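Presented below is the structure to which this report refers.
Sequence positions, counted from 1, serve as the residue numbers for this chain. All figures in this text were calculated on a predicted structure; none of them were measured in a lab. All ligand and atom numbering here is 1-based and tracks the order in the structure.
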Amino acid sequence: MAEVIIVPDAQAAGGLVADEIARLIRANPEVVLGLATGSTPLPVYEALPERLDGVDVSRVRGFALDEYVGIDPAHPESYRSVIHREVVEPLGLDPALIRTPDGSLEGIEHAGADYESAIAAAGGVALQILGIGTDGHIGFNEPGSSFASVTRVKTLTQQTLEDNARFFDSVEDVPMHCITQGLGTILRARHLVLLAFGEGKAEAVAGAVEGPVTASLPGSAIQLHPHVTVVVDEAAASRLQFADYYHYTYDNKPAWQGL
Ligand code: PGA
């Protein structure tokens with residue numbers, strides 16, 4: 001089962017995960033990171049610069065989970081722009097080594113296969129950061145996504161369009177299609193770190209961690225992975241049946257285990 005760490009707030013979660021990412025970069029300067037967009041990973045990205053002071057990050061590689069289809073890559077809300085602004089620039093990474101799926105309409109038929117090949121050629125993702133949607137999606141794998149799915153075009157649910165409308169002028173401006181790593185792609189990363197904060201995520205988190213493994217709640221795919229860490233605040237943990245046990249196991253965690 002996933003390790004569940006319940007922390008007081010998002011900042012504490014950011015620090016924990018940033019510690020692990022900094023450790024990975026120090027151990028392997030060419031490490032391949034799996035990056036996520038949305039509000040959830042921000043505390044991780046904000047905590048990283050001070051932990052990477054003096055560390056050579058020039059060869060760190062990264063793959064984002066997803067991108068909108070048909071969006072101008074220069075649009076401030078394209079995930080390419082978001083990753084650049086929130087991760088590449090503040091950390092001083094080489095932009096040529098940090099990729100997002102290509103959402104341009106031209107070549108979209110093979111953009112998924114190209115992305116899969118690029119991830120494989122890089123040796124796979126060492127640590128994949130994940131948020132979770134209120135409908136249980138990870139990446140943009142909406143309910144019903146196959147556990148074997150690879151990077152491909154998906155249609156966003158109305159719920160996701162509404163959830164993401166805050167980044168655009170209106171819900172009509174949110175692109176309806178996306179290109180996202182599949183659940184099969186995500187499951188090939190060597191360590192999954194899923195973060196969630198706030199009451200609005202409580203049901204999705206409970207379903208992902210403790211519910212039945214079902215394509216109806218794509219986040220439940222994490223139960224099929226051998227190394228998963230779920231880091232949540234008390235509000236996002238509020239529907240977890242075994243929250244007391246998670247506190248107890250974390251309080252008694254052997255020091256040698258790491259994240
Ligand atoms: P959020 O999105 O981090 O902005 O809440 C999470 C997700 O949709 O995966």
Side-chain angles (χ1 to χ4, degrees), residues 2 7 9-14 16-18 33-47 63-69 71 76-83 85-87 100-101 103 125 127-145 149 151 154-168 171 173-183 185-187 189 192-209 215-222 225 228-239:
V7 291
D9 53 31
Q11 209 188 344
L16 259 184
V17 179
L33 300 175
L35 304 167
T37 50
S39 309
T40 306
L42 291 178
V44 178
Y45 303 145
E46 283 158 10
F63 289 89
L65 282 170
D66 42 21
E67 177 59 287
Y68 293 112
V69 168
I71 197 168
E77 294 306 329
S78 78
Y79 285 168
R80 184 187 163 82
S81 297
V82 171
I83 290 287
R85 190 166 65 235
E86 292 169 356
V87 187
T100 42
V125 168
L127 182 150
Q128 176 64 58
I129 302 170
L130 296 170
I132 187 165
T134 54
D135 65 0
H137 70 224
I138 53 174
F140 266 144
N141 294 282
E142 298 286 28
S145 295
S149 51
T151 307
K154 291 287 285 179
T155 308
L156 298 177
T157 61
Q158 190 60 34
Q159 176 71 57
T160 300
L161 294 174
E162 284 165 18
D163 286 348
N164 287 9
R166 68 189 193 281
F167 297 115
F168 293 83
V171 68
D173 292 324
V174 186
M176 182 180 279
H177 295 103
C178 65
I179 175 166
T180 180
Q181 286 189 31
L183 295 175
T185 321
I186 291 169
L187 289 173
L192 303 181
V193 178
L194 187 147
L195 299 116
F197 310 117
E199 176 68 35
K201 298 290 175 74
E203 201 178 325
V205 167
V209 175
S216 300
L217 200 144
S220 66
I222 64 171
H225 193 284
V228 183
T229 310
V230 174
V231 189
V232 287
D233 64 5
E234 292 282 354
S238 58
R239 304 282 290 269

- Task: Return yes when atom CD of Glu203 has more than 12 non-hydrogen atoms of other residues, nucleotides or ligands closer than 6.0 Å, and no otherwise.
- Result: no

- Query: When you look at CD of Gln11, are more than 12 heavy atoms from neighbouring residues, nucleotides or ligands closer to it than 6.0 Å?
  - Reply: no

- Taking the side chain from Asp66 and the backbone from Pro101, do they hold a donor-acceptor pair closer than 3.5 Å? no

- Message: Suppose we screen for salt bridge (charged side-chain N to carboxylate O under 4.0 Å, His left out). Which residues come up paired with Glu142, at least two apart in sequence or across chains?
- Response: none

- Note on the structure: Contact set, ligand 1, heavy-atom distance under 4.0 Å, ordered by chain/number, equals Gly38, Ser39, Thr40, Gly131, Ile132, Gly133, His137, Arg166, Lys201

- Task: Would you check if Leu65 and Gln128 make a side-chain contact, meaning some heavy-atom pair closer than 4.5 Å?
- Result: yes

- Query: Ring centres of Phe168 and Tyr68 under 6.0 Å apart?
  - Reply: yes

